[in-house]
Amino acid sequence: MNLQRQRGLNLFFVSVFFMLLAGGGMTFLYTIRYGHLPFQDSLARWGHSAGVIGNELKKASGADTLKISLPTADGGGMAAPVTLESGVRRCQIDGKTVFSDTACSAQNPTSRAVKLHDTQGFVHPVVVSDTQADSSDTDMSKKILDQAISRAEQKTTK
């Protein structure tokens with residue numbers, strides 16, 4: 001009996017190919033939805049953390065003459081964080097409302113400053129004690145009974 005080896009793709013390579021294809025598709029859909037690649041934010045945070053740690057190590061070693069700053073989209077250093085005092089800018093760009101910490105273009109007439117307000121978030125309701133709840137319930141029930149009695153008296157007098 002003469003057996004011939006089967007020709008074709010190995011099942012392992014087919015599964016790896018489809019996993020790569022699915023990962024590429026998911027990355028493409030994520031990029032379409034959010035406008036950037038999935039790990040750009042985390043890489044930027046790691047880079048910023050590395051810069052901060054590097055500066056602290058340089059200060060501790062006495063070699064703090066070099067300053068590390070990560071480049072931003074405009075080519076400068078790290079942008080200043082948005083605070084309550086600085087606020088944000090509101091612009092209409094291509095019919096969409098955009099909030100940004102940088103100034104809008106000079107030709108955009110819809111640009112205006114938006115003042116930020118610090119909120120306390122969710123505030124839990126005040127718990128009513130049992131004595132207050134009982135007194136308010138009895139007061140309400142007395143009022144309802146008095147109204148019912150007065151209506152009954154008015155109907156009998158007519």
Side-chain angles (χ1 to χ4, degrees), residues 1-137 139-140 144:
M1 182 184 266
N2 191 5
L3 294 176
Q4 288 185 334
R5 187 161 182 229
Q6 191 175 14
R7 292 193 175 136
L9 295 175
N10 189 346
L11 186 58
F12 175 75
F13 292 119
V14 170
S15 63
V16 169
F17 172 73
F18 278 105
M19 283 192 289
L20 291 173
L21 184 67
M26 290 181 349
T27 304
F28 175 71
L29 292 174
Y30 186 92
T31 305
I32 288 174
R33 179 170 185 173
Y34 295 107
H36 58 83
L37 293 174
F39 298 111
Q40 283 179 333
D41 294 334
S42 58
L43 288 176
R45 277 189 232 118
W46 288 347
H48 178 67
S49 298
V52 170
I53 292 170
N55 284 336
E56 291 297 322
L57 289 175
K58 286 177 186 174
K59 286 179 187 176
S61 67
D64 58 350
T65 57
L66 297 175
K67 301 285 184 192
I68 296 177
S69 64
L70 294 176
T72 56
D74 60 356
M78 291 294 292
V82 176
T83 61
L84 290 176
E85 291 80 25
S86 66
V88 295
R89 304 289 303 173
R90 179 179 183 258
C91 308
Q92 289 280 345
I93 299 175
D94 295 330
K96 294 182 181 179
T97 302
V98 177
F99 293 93
S100 175
D101 58 347
T102 59
C104 301
S105 65
Q107 298 89 357
N108 195 343
T110 62
S111 175
R112 68 179 181 94
V114 176
K115 190 172 183 178
L116 299 176
H117 300 283
D118 192 14
T119 63
Q120 296 180 3
F122 293 104
V123 178
H124 295 286
V126 178
V127 178
V128 179
S129 66
D130 293 337
T131 58
Q132 290 175 346
D134 291 340
S135 66
S136 64
D137 289 342
D139 291 341
M140 186 61 77
I144 293 172

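- Residues Thr97 and Gln92 are in side-chain contact: their nearest non-hydrogen atoms beyond the backbone lie under 4.5 Å apart.
- Taking 4.5 Å as the limit, every side-chain heavy atom of Leu20 sits out of range of all side-chain heavy atoms of Phe17.
- Separation of atoms NE2 (His48) and CD1 (Ile53) is listed at 10.0 Å; rounding is to 0.5 Å.
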